[in-house]
Amino acid sequence: MNLEVLAEGVETQAQNDFLDKHGCHYIQGYLYNKPLSAEAITKLLQEDLAASV
């Protein structure tokens, strides 16, 4: 079916490992970060970009 799978609400490394093992393409949830406001995510992305230069 050529679908890409997104798992939401991933909270543990065990969940992440299971999803990765079973071919999940995208994973999001508290394991990676708590929900952020638009301003906070903008700042985080700008800091990450500046650190990678």
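For the side chain to side chain contact (heavy atoms under 4.5 Å, CB included) test, residues two or more places apart in sequence or in another chain that qualify with Glu8 are Leu6, Gln28. Taking the side chain to side chain donor-acceptor pair (under 3.5 Å) definition, one finds that Asp17 meets it with Gln13, sequence neighbours left out. For Thr42, the side chain to side chain contact (heavy atoms under 4.5 Å, CB included) partners two or more places apart in sequence, or in a different chain, are Gln46. Remark: Ser37 engages Glu39, Ala40 in a side chain to side chain contact (heavy atoms under 4.5 Å, CB included) (not counting sequence neighbours). With sequence neighbours left out, Tyr30 forms a ring pair (Phe, Tyr, Trp, His ring centres under 6.0 Å) with no residue at all.
Residues in residues 5-27 take part in these ring pair (Phe, Tyr, Trp, His ring centres under 6.0 Å) pairs, two or more places apart or across chains: Phe18-His22.
Rounded to the nearest 0.5 Å, atoms SG (Cys24) and CD (Glu4) are 10.5 Å apart. For the atom pair Ile27 CD1 and Leu19 CG, the distance stands at 5.0 Å (nearest 0.5 Å).
Its side chain within the 4.5 Å cluster rule, Leu36 clusters with Ile41, Leu44, Leu45 among the Ile, Leu, Val, Met, Phe, Trp and Tyr residues.
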